[in-house]
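Everything quoted here is computed from the prediction, not taken from an experiment.
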Amino acid sequence: MKIHLIQMKIDELLAVCDEHNNDPGELINILHAAQGIFGYLPREVQEIIAGRLHIPVSKVYGVVTFYSFFTMTPKGKYPISVCLGTACYVRGAEKVLEEFQRQLEIKVGETTSDGLFSLDCLRCVGACGLAPVVTIAGKVYGRLTPEKVRDILSEYYLLEQV
């Protein structure tokens, strides 16, 4: 399925490539910027970057799929990442994850139908002393329990009503 990209965002992406002198050595930086512009890196965006940098699309795709930071599927406005590293796991992260799935009615890797939340797992946030840890849109929540999930989600729903 082909998606339609907004010309203004394409122009912004091309400007980013130009700012990096269309240098293939700047691919990761360009991909970071592109994901910031589009929210994810669909095939069409990868093709534009490959064309501008004069490199094969397969090289761009290889970098996108290698690094877990990059995504080829749209994420929610408030991406949620549940840490399942050892410290978080032994302190109940799996139960916290299950509660997020129950509350949001989505599975890992999915986005809510309203586009507000997406749910993923990661291996370590680096805040093991706060285990279990969840990040939402870059904000870190520590010492979570399933009982706290509803209140945390409520914070974000309230933001949408302002």
When you group the ILVMFWY residues by side-chain heavy-atom contacts below 4.5 Å and let the links chain together, are [Y] and [X] in the same group?
{"X": "Tyr89", "Y": "Val108", "result": "yes"}
{"X": "Ile3", "Y": "Val57", "result": "no"}
{"X": "Ile55", "Y": "Tyr61", "result": "yes"}
{"X": "Leu122", "Y": "Leu104", "result": "no"}
{"X": "Leu27", "Y": "Phe66", "result": "yes"}

Salt bridge or not between Lys95 and Glu99? Use side-chain N to carboxylate O under 4.0 Å. no
Between Asp114 and Lys77, is there a side-chain N and carboxylate O pair less than 4.0 Å apart? no
More than 12 foreign heavy atoms under 6.0 Å from [atom1] of [X]: is that the case here?
{"X": "Phe69", "atom1": "CZ", "value": "yes"}
{"X": "Tyr40", "atom1": "OH", "value": "yes"}
{"X": "Lys59", "atom1": "NZ", "value": "no"}
{"X": "Lys148", "atom1": "NZ", "value": "yes"}

Distance check, rounded to the nearest 0.5 Å: [X] atom [atom1] versus [Y] atom [atom2]?
{"X": "Ile37", "Y": "Asp11", "atom1": "CD1", "atom2": "CG", "result": "10.0 Å"}
{"X": "Ile136", "Y": "Tyr78", "atom1": "CD1", "atom2": "OH", "result": "10.5 Å"}
{"X": "Ile28", "Y": "His20", "atom1": "CD1", "atom2": "NE2", "result": "11.5 Å"}
{"X": "Glu94", "Y": "Cys121", "atom1": "CD", "atom2": "SG", "result": "9.5 Å"}
{"X": "His54", "Y": "Asp23", "atom1": "NE2", "atom2": "CG", "result": "11.5 Å"}
{"X": "Ile49", "Y": "Ile30", "atom1": "CD1", "atom2": "CD1", "result": "7.0 Å"}

Min side-chain heavy-atom separation [X]-[Y] under 4.5 Å:
{"X": "Val82", "Y": "Leu144", "answer": "no"}
{"X": "Glu47", "Y": "Arg43", "answer": "yes"}
{"X": "Val96", "Y": "Val149", "answer": "yes"}
{"X": "Phe38", "Y": "Leu13", "answer": "yes"}
{"X": "Ile10", "Y": "Gln7", "answer": "yes"}
{"X": "Pro74", "Y": "Thr111", "answer": "no"}
{"X": "Arg123", "Y": "Leu84", "answer": "yes"}
{"X": "Glu26", "Y": "Glu19", "answer": "no"}

Main-chain N/O of [Y] paired to [X] side chain as donor or acceptor, under 3.5 Å:
{"X": "Thr112", "Y": "Phe117", "result": "yes"}
{"X": "Glu44", "Y": "His4", "result": "no"}
{"X": "Arg91", "Y": "Cys128", "result": "yes"}

If you take all heavy atoms of [X] and [Y], which pair is closest and at what distance?
{"X": "Cys124", "Y": "Cys83", "value": "CA-SG, 3.6 Å"}
{"X": "Thr71", "Y": "Lys75", "value": "OG1-CE, 3.3 Å"}
{"X": "Val60", "Y": "Ala50", "value": "CG2-CB, 3.8 Å"}
{"X": "Arg143", "Y": "Gly129", "value": "NH2-O, 3.3 Å"}

Could you list the donor-acceptor pairs under 3.5 angstrom formed between side-chain atoms of residues 150-159 and any protein atom two or more places apart in sequence or on another chain?
unit_1 : atom_1 : unit_2 : atom_2 : d
Ser154 : OG     : Arg150 : O      : 2.9
Glu155 : OE1    : Tyr141 : OH     : 3.2
Tyr156 : OH     : Tyr141 : OH     : 2.7

Under the criterion side-chain contact (heavy atoms from CB on, under 4.5 Å), I'd like the reasoning laid out for Leu97 against Val134: C-alpha separation, chi angles, the key distance, then a yes or no. CA-CA 9 Å; Leu97 174 61; Val134 169; over 6 Å; no
Tell me every residue that passes ring pair (Phe, Tyr, Trp, His ring centres under 6.0 Å) with Phe70, counting only those two or more places apart in sequence or in another chain.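 Applying ring pair (Phe, Tyr, Trp, His ring centres under 6.0 Å) to Phe70 gives His32.
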